[in-house]
Amino acid sequence: MRFSLTCLSALLCATTALAARSHHASHAFKRVEKRAPIIEKREQFQPFKNPRLEKRASYFLTNKTESESSNQFVVNGSAIPDVNWNIGESYAGLLPISSAPNETRELFFWFFPSTNPHAGEEIAIWFNGGPGCSSLSGLLTENGPFIWDAGTLAPTPNPYTWINLTNVVWVEQPVGVGYTQGVPNITNEVELGLEFIGFYKNFVDTFNLHKWKVYLTGESYAGFYVPYIADAFITAADTNYYNLAGVSINDPIIGDDVTQQEVTILPYVEYWQNLLYLNDSFLETMRKQNDYCNYTSYLEKYLTFPPPPGPFPVLPDPFVSNTALCDVFDDFYSAILEVNPCFNIYHITETCPHPYSELGIINQGDYTPPGATVYFNRTDVQKAINAPVGTNWMQCTNINVFGGASDNQSIGDTSLGPAQNGVLKRVIEYTNNTIIGSGNLDFLLNTNGTLLAIQNITWNGVQGLQKYPGIPMYVPYHPEYNLGFPAGGGYLGLWGSERGLTFYQAQLAGHELPQYTPGAAYRMMEVLLGRVSNFSVVSDFTTQTGNFTGNSTIYRRGVDYSFY
């Protein structure tokens, strides 16, 4: 269709006449300068610098997540106290564990979407252990976007944060931990799993994550949490909400305390004797005690590859005895503290003085300077992350989270370890993507103890690992961009994989494996997510480019040493 010049002229004339009648109207027809478009190239793994672009780019910024109600979840990435850079898009707050209108029990989460184009519709969930310890400790010291390790002055960016690989949410659970709300009323892991899937259904609805693949990860007592929650996902049989794709647990308790701690502690101490430096007479006494308790013969018979068929016998609990003579674990721990009063049960190379942690104390004997304030107990921090202001946040709660409705302090978790009752077996067989890791500097839950528990599991038709997991584990070399949180490269441990279960050990890691060997934990996540086929692949990290395989000089560091 063509406009006639007559028609166009008439329109212009009419406009002129209208403007002449009103000086106010004349402003409406002034030529408006077009606003220059905002153009910014997005850097991989980084948010847009312009807040308008970042807001438009977000899939998760919806009426549900940024409403002005009490359920506002948006976190200002530029306003995290003591963090002097923008940590990017994130959401934090409380969600109930059920859809009941009068539900008072709520779990706290902090969710970070990934800018990795390969992340897609997948999410990893991280749990710390305890029982009763906050997953925010993992975020702040292990795999979150910023790190504030014990003994350091201020937070630093984390080049090995898992959000560089995928979407990650850190969840405080069960009820009674951290910022969670309500009164704990559970006594076992099955109830814990049901509470969590109730929370996670609300989380999926809030952020529209339906059908997303879910990877459950954690450490320590999460060796109970992760398999039982995974089993709850499987039992729910609803992939719209619980699309379980894999699990990973580091330094986990998966069996019973006797086999994982008591039976294996003597050979562990002997292996590290040059570091622990116990005297010969004490060691000889402990060897005799070990024999008396049948720990030596038990280990020789059952920590074999393949293991002898059939369930392993259950050893007596040393605390049932009046003398607790067979509690050799605590005997060793007490002796080591005499030699090294600052001994760290989670990372045995530490010596005095105690490094102060912004997260506060965990165990008796941990050091807190006078006047120190725990980071997540600060009002400005609580406001910044939509946490309930005034909460007395503790890294590990003094509430018995398994005490039932009466908070009975004599009740503990009544569930068996998932390696003892078929729960872990079901998870391995369902996912065929289960990874168990161990830090060899962890005294609390040592590598042989975890392997001993694994050898007592039958999965996919065969019991235990048939070969010792002794393949060299490769972690990519890489330029170290941030000396505030460095990571090693090269061959850092051993691994093996059979019938859907992968086991790996990092030689220089402690109990908190992603904290002490972040590169190894990062490679583990690449394996879990299917970005790398196994721990022997010699390649760069999938989020870096360049020749970082160890076949070329990465960089040369000039060092002048001071003598004092």
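Below, all heavy atoms of this structure are taken into account, side chains as well, without hydrogens, waters or symmetry copies. Quantities reported herein were computed from a predicted structural model and do not represent experimental measurements.
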Parallel, tilted or perpendicular: which fits the ring planes of [X] and [Y], with parallel below 30° and perpendicular above 60°?
| X | Y | answer |
| --- | --- | --- |
| Tyr225 | Tyr221 | perpendicular |
| Trp393 | Tyr179 | tilted |
| Tyr516 | His347 | parallel |
| Tyr522 | Phe541 | perpendicular |

side-chain hydrogen bond (donor to acceptor under 3.5 Å, both in side chains) against Thr450, all qualifying residues, sequence neighbours excluded: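 So Thr450 forms no side-chain hydrogen bond (donor to acceptor under 3.5 Å, both in side chains) with any residue.
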Would you tell me whether [X] and [Y] have side-chain atoms, one donor and one acceptor, within less than 3.5 Å of each other?
| X | Y | value |
| --- | --- | --- |
| Gln72 | Asn386 | no |
| Asn202 | Tyr241 | no |
| Asn158 | Asn143 | no |
| Asn344 | Glu350 | yes |
| Glu122 | Thr166 | yes |
| Glu172 | Ser135 | no |
| Thr431 | Thr434 | yes |

Looking at side-chain heavy atoms only, is the closest gap between Pro514 and Trp126 below 4.5 Å?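 Yes; the side chains approach each other to less than 4.5 Å.
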[X]-[Y] aromatic ring centre distance below 6.0 Å:
| X | Y | result |
| --- | --- | --- |
| His354 | Phe343 | no |
| Phe443 | Phe329 | yes |
| Phe146 | Trp148 | no |
| Phe73 | Phe111 | no |
| Trp170 | Phe112 | yes |
| Tyr474 | Phe535 | no |

Assess whether side-chain hydrogen bond (donor to acceptor under 3.5 Å, both in side chains) is satisfied between His511 and Asn250, documenting all intermediate values. CA-CA 8 Å; His511 188 68; Asn250 297 322; over 6 Å; no
For atom NZ of Lys213, is the number of surrounding heavy atoms from other residues, nucleotides or ligands below 6.0 Å larger than 12?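 Incorrect, the count does not exceed 12.
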Do NZ/NE/NH1/NH2 and the carboxylate oxygens of [X] and [Y] come within less than 4.0 Å?
| X | Y | result |
| --- | --- | --- |
| Glu191 | Arg105 | no |
| Lys425 | Asp231 | no |
| Glu526 | Arg523 | yes |

What's the separation between atom OH in Tyr268 and atom CG in Asn440, rounded to the nearest 0.5 Å?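 That separation rounds to 7.0 Å.
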Quick check for you: to the nearest 0.5 Å, what is the distance between Trp495 atom CH2 and Phe503 atom CZ?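 Here the rounded value is 13.0 Å.
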State which residue, out of Thr259, Asn446, Thr447, fulfils the side-chain hydrogen bond (donor to acceptor under 3.5 Å, both in side chains) condition with Thr264.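 That would be Asn446; it is the only one of Thr259, Asn446, Thr447 passing the side-chain hydrogen bond (donor to acceptor under 3.5 Å, both in side chains) with Thr264.
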Start with the C-alpha gap between Ser98 and Glu103, add the side-chain angles, then the distance that decides, and say whether side-chain hydrogen bond (donor to acceptor under 3.5 Å, both in side chains) holds. CA-CA 7 Å; Ser98 76; Glu103 181 62 77; 2.6 Å; yes
Pick one: which of Pro131, Ser415, Pro174, Pro227 meets side chain to side chain contact (heavy atoms under 4.5 Å, CB included) with Glu189?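 So the option named by the test is Ser415.
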